Amino acid sequence: MVSTVAQSLLAWYAKHARDLPWRRQRDPYAVWVSEVMLQQTRVETVIPYYSRWMERFPTVEALAAASRDEVLGTWEGLGYYRRAHNLHQAAHMLVTEYGGKLPGEVDKLRRLPGIGPYTAAAIAAIAFNRDVVALDGNLRRVISRLIDLPIDPRSPEGESQLRSWALGELPSGRSSTFNQALMDLGAMVCVPRIPDCVTCPLAQFCLAFQRDVQDARPVRTQRRPIPHITAAAAVLRRGEQVFIGRRPEGVLLGGLWEFPGGRLEPGESLETCLRREIGEELSVEVEVSAKLGIFNHTYTHFHVTVHAFECELKGEEPQALEHSEVRWVSPENLEEYPMGKVDRAIARTILEHAGRPSVSG
DNA sequence: AAAGCGTGGGC
DNA sequence: TGCCCAAGCTT
C-alpha cells in the first residue's frame, strides 16, 4: 500500500528529478563518492570535482592504488579534507575485506571511516534500494514542515519523530526513489528561505503551510560568534627552492602542505611571532625580510589574516618537529602539492614574484 | 554532547 | 558587509 503522500511525491519526482552525474547509473562506488562529496557541500560545487574524481579513480581499486597527494590534489578546494583521507582509507579496507565491493548493509557501511548514519543510509537506500531513511538536511527541513515539528530536528526527540514519520510513508521496495525525491523536493521547492509552497506537491499534507509557519520551520539553533585571529607565515628560501611542510592528519587542513608559521599571540609583533613559530616547528633561526602579502580567509569557526614574509635561514637545516614531512621544492612545482586556500594564494604570489603569471584568477 | 572541521555563494 | 547556509562525521 503506497501512501497518498508517497504517491504525490513520486509523481512529482517522475517529472522534476534533477539529472545529476551520479544518477546516470547505480554503481555503489559512484553513489558513495557523490554522497561523501555532498556532505555540507552544494551540488553545483560538487559536480566538477565528482567528474574529475571518477575520471582519475573510476573504481575502488583505482582509488586504493592512488597516492595520498593524488587523492588530496583531486580534492583540493572542496574542503573538509578528512573526507578525502577517509575515502582513501576506506578504499583500502574495501579491497582487503570486501573484494573491492561496497556492502549493502547499513551496519557494515557504518564501520567504514567517513561513513556516518546519513551516508550509510543513503548508500543502502540509493544504491541498494534498502528500506531505510537517509535523514539529511533536506529531509529534516521538509519533514519538519510537513509535521510542523516545534523542536530542534537534530535533538534525539526531533530526530525520532522525523524518522518515524518517514518510515511510515516510505513505500517498501521504492526506497531509492523515495529518498531522492524528498531530497530534490527540499533542494528545489521546500528550500530554506522562501519555500515555493504554491507549486509544492505536498502542500495539501503540510501542517506548517496550513498554519502559515513554514518560515519558522525547522526551528533554528543558536550559533556562537566566530573569532578573528592574526597569523604569520614564512617563505624560506634555499637558492631557487622554497620550503613546505605537510600538516599532520586529524587537524585543520590535515595532510595538506603549507608554508610554516603560526598564530600571533597577544602583544607579540609579527616578526617575533614568526621567529618563535619557526623555532618551535623547525628548530631553526631565521631573519625576517620582505613582506610578501596579506591574506584573509574565513574557516568554519574563525576568520584569519595571514601576513606572509620572505625569510632567510641562518645555517642549519629545518627539522620536521610538527610536520609529518618537509620538503624543498621549486616554485614551479608547488602546484603538485595539495594546499588549502591561503597557502595556495601564497604559492601563487611566489610564482608571480618569479615573473610567472598564475594559471588562473 | 558540544566543538572542530573548508569553501563558495546568496542576500 | 557579515551572516547563513549546503546531501555530516568524529571525538
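The structure presented is a predicted model; accordingly, all values stated were derived computationally and were not measured.
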Distance, rounded to the nearest Å, where [X] contributes [atom1] and [N] contributes [atom2]:
{"X": "Leu87(A)", "N": "dC9(C)", "atom1": "CG", "atom2": "C1'", "answer": "13 Å"}
{"X": "Arg224(A)", "N": "dC4(C)", "atom1": "CZ", "atom2": "P", "answer": "13 Å"}
{"X": "Trp32(A)", "N": "dG8(C)", "atom1": "CH2", "atom2": "C1'", "answer": "16 Å"}
{"X": "His303(A)", "N": "dC4(C)", "atom1": "NE2", "atom2": "P", "answer": "10 Å"}
{"X": "Ile194(A)", "N": "dC5(C)", "atom1": "CD1", "atom2": "P", "answer": "14 Å"}
{"X": "Arg193(A)", "N": "dC5(C)", "atom1": "CZ", "atom2": "C1'", "answer": "9 Å"}
{"X": "Glu159(A)", "N": "dC9(C)", "atom1": "CD", "atom2": "P", "answer": "11 Å"}
{"X": "Arg154(A)", "N": "dA7(C)", "atom1": "CZ", "atom2": "C1'", "answer": "11 Å"}

Residues from residues 113-140 of chain A lying under 4.0 Å of DNA chain B - heavy atoms: none
Residue pair Leu162(A), Arg140(A): steps toward the side-chain contact (heavy atoms from CB on, under 4.5 Å) verdict: CA-CA 7 Å; Leu162(A) 296 178; Arg140(A) 285 202 182 86; 4.0 Å; yes
Looking at [N], I'd like to know if its phosphate oxygens (OP1 or OP2) sit under 4.0 Å from a side-chain N or O belonging to [X].
{"X": "Arg82(A)", "N": "dG8(C)", "answer": "no"}
{"X": "Gln39(A)", "N": "dA7(C)", "answer": "no"}
{"X": "Arg110(A)", "N": "dC9(C)", "answer": "no"}

ILVMFWY clustering at 4.5 Å (side-chain atoms), partners of Val132(A): Val106(A)
Between dA7(C) and dA3(B), how far is it from one P atom to the other, in whole Å? 23 Å
Does [X] reach a base, just sugar-phosphate, or nothing at all? Heavy atoms under 4.0 Å.
{"X": "Thr300(A)", "value": "base"}
{"X": "Trp75(A)", "value": "nothing"}
{"X": "Val46(A)", "value": "nothing"}
{"X": "Gly254(A)", "value": "nothing"}
{"X": "Gly340(A)", "value": "sugar-phosphate"}
{"X": "Leu20(A)", "value": "base"}
{"X": "Arg344(A)", "value": "nothing"}

Would you call the rings of Tyr299(A) and Phe302(A) parallel, tilted or perpendicular if under 30° counts as parallel and over 60° as perpendicular? tilted
Decide, yes or no, whether a salt bridge links [X] with [Y] under the criterion of side-chain N to carboxylate O below 4.0 Å.
{"X": "Arg23(A)", "Y": "Asp184(A)", "value": "yes"}
{"X": "Arg276(A)", "Y": "Glu268(A)", "value": "yes"}
{"X": "Arg263(A)", "Y": "Glu277(A)", "value": "no"}

What are the bounds, 5' to 3', of the part of DNA chain B that sits under 4.0 Å from heavy atoms of chain A? dA3(B) to dC11(B)
Please confirm whether Tyr50(A) and Trp22(A) have ring centers closer than 6.0 angstrom. yes
Please examine the side chains of Asp136(A) and Met183(A), heavy atoms only from C-beta on, and report whether any two atoms are closer than 4.5 Å. yes
Under the criterion side-chain contact (heavy atoms from CB on, under 4.5 Å), I'd like the reasoning laid out for Val71(A) against Phe57(A): C-alpha separation, chi angles, the key distance, then a yes or no. CA-CA 9 Å; Val71(A) 169; Phe57(A) 319 119; 4.2 Å; yes
Going by distance alone, is a donor N or O of one side chain under 3.5 Å from an acceptor N or O of the other, for Trp328(A) and Glu317(A)? yes
Closer to the 5' end of DNA chain B via nearest nucleotide, is it Glu44(A) or Gly250(A)? Gly250(A)
